[in-house]
Amino acid sequence: MANRKIILDCDPGHDDAIAILLAGKNPTLDLLGLTIESGNQTLDKTGRNALNICQFLEIDVPVCLGVEKPIIKEVEICDAIHGETGLDGFDFPRLKKQFDQRHAVNFIIESILSSKEKITVITTGPMTNLALAIKLEPKIIENIEEVVLMGGSYQNGNVSPAAEFNILCDPEAAYIVFNSNLKITMIGLDVTRQVLVYPNIIDRMDKINNKASLLFTKLMTVFNENQKRVFGFLGSPLHDPVTIAYLIDPSVIETKLVNCTIDISHGPSYGRTNCDIFDYLKKPKNAYIAMNIDVEKFWNIIEKGISRYK
Ligand code: RIB
Ligand code: CA
């Protein structure tokens with residue numbers, strides 16, 4: 001299969017780190033760069049984490065810092081789950097890799113406008129960078145293959161009864177993207193809460209015994225400790241890598257094309273992804289929503305992705 005050109009916009013973050021790991025060495029994906037924003041932690045920390053992950057795993061791609069704050073809201077970080085550094089649990093070697101000097105929004109615009117092939121944009125954090133790129137240069141829309149996001153849910157939220165963290169961090173950004181006539185695949189909590197990093201999964205990946213398995217094991221151990229303390233989970237939902245697993249093997253999830261609107265009404269459902277699964281409203285269908293996931297196939301993709309490293 002020809003390489004699919006991708007940009008990964010993220011807020012590393014323990015699960016973002018595994019998404020980067022999975023994308024970094026996959027032969028069917030051409031990772032053009034990482035664009036970073038605040039979310040799990042402040043931008044200075046998520047940016048440093050991205051550099052550390054790329055340097056440790058020898059993923060030689062540009063890392064571009066993006067917008068520091070959401071379009072309307074104040075920054076809301078998720079340090080209870082991801083810790084003070086945003087990536088607690090791993091002692092990286094001295095950091096030498098430096099940021100690319102281009103702003104993330106400009107990197108997204110320049111990469112897409114200059115590409116002969118269409119580019120797939122994956123977001124695993126708030127959607128601020130992509131939303132502003134679309135607003136700044138709407139021409140990029142015609143050269144985007146699709147947007148694959150980890151975010152939202154057609155059921156309940158995880159930071160309010162209604163909303164999932166990535167969307168609630170910047171609902172207005174999500175609103176812009178979901179109303180941009182792009183092909184959108186939304187991988188929400190409905191499926192990511194089915195891929196749980198139980199201790200047996202950590203043991204399975206630890207046996208691979210390379211630097212990627214070391215990173216996975218150390219990060220997931222702390223991720224589990226924090227998720228247990230906050231949510232009582234015995235295994236953390238490994239949200240973000242499902243986006244990359246879908247690109248590697250689309251059959252890992254089942255999707256349904258529905259109308260999905262983002263609630264920006266500033267009420268109790270602010271930031272909710274209202275997915276009209278049963279087409280009650282007969283409105284135009286604008287998003288493919290992940291409905292089911294093949295859990296075994298997902299962990300096989302993760303295991304194979306880790307095994308690609310030295
Ligand atoms: O709600 C889960 C999402 O929020 C994931 O992307 C996780 O990294 C956090 O950013
Ligand atoms: Ca994330």
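For ligands, and for the atoms within them, numbers begin at 1 and follow the listed sequence. Computed from a predicted structure; not experimentally measured.
Counting only protein N, O or S atoms, 5 lie closer than 3.0 Å to the Ca ion (ligand 2).
At a threshold of 4.0 Å, the pair Asp190-Arg193 does not count as salt-bridged, since none of the basic side-chain nitrogens sits closer than that to a carboxylate oxygen. Ionic pairing of Arg4 and Glu146 is present here: one or more N-O contacts between side-chain nitrogen and carboxylate oxygen are shorter than 4.0 angstrom. With respect to Asp279 and Lys285, a salt bridge is recorded, a charged nitrogen being found less than 4.0 Å from a carboxylate O.
With rounding to the nearest 0.5 Å, the separation of CD in Glu74 from OG in Ser38 is 10.0 Å. From Asn181, atom CG reaches atom CD1 of Ile141 across 7.0 Å, with rounding to the nearest 0.5 Å.
Of the options Thr35, Asp9, Asn106, a side-chain hydrogen bond (donor to acceptor under 3.5 Å, both in side chains) to Asn129 is made by Asp9 and by none of the others. Only one option out of Thr123, Ile7, Ile176 pairs with Leu130 in a side chain to side chain contact (heavy atoms under 4.5 Å, CB included); it is Thr123.
At under 3.5 Å, a nitrogen or oxygen of Glu164, whether backbone or side chain, sits near a nitrogen or oxygen of ligand 1.
A donor-acceptor contact closer than 3.5 angstrom links the side chains of Thr128 and Asp170.
Near Met150, meaning under 4.0 Å from one of its heavy atoms, ligand 1 places the atoms 2 (C), 3 (C), 5 (C), 6 (O). Close approach to His239 involves these atoms of ligand 1, each under 4.0 Å from a residue heavy atom: 2 (C). The Phe165 neighbourhood of ligand 1 comprises atoms 1 (O), 4 (O), 9 (C), 10 (O), with distances under 4.0 Å to a heavy atom of that residue.
Using a 4.0 Å cut-off between heavy atoms, Thr192 makes no contact with ligand 1 at all. Looking at Asp11 against ligand 1, only its side chain comes within 4.0 Å, counting heavy atoms. Only the side chain of Asp16 comes within 4.0 Å of ligand 1, counting heavy atoms alone; its backbone N, CA, C and O stay farther away.
Residue Tyr175 places its OH atom among 12 or fewer non-hydrogen atoms of other residues, nucleotides or ligands, all under 6.0 Å distant.
The protein non-hydrogen atom at the shortest distance from atom 8 (O) of ligand 1 is Asp15 OD1, 2.6 Å.
Nearest to atom 9 (C) of ligand 1 by heavy atom, out of Ile167, Asn40, Thr124, is Asn40. When Leu149, Asp240, Ile81 are ranked by how near their heavy atoms come to atom 6 (O) of ligand 1, first place goes to Asp240.
Side-chain contact check for His14 versus Leu87: some heavy-atom pair is nearer than 4.5 Å.
When every heavy atom of Leu21 is checked against every heavy atom of Tyr309, the shortest pair comes out as O-OH, 2.6 Å.
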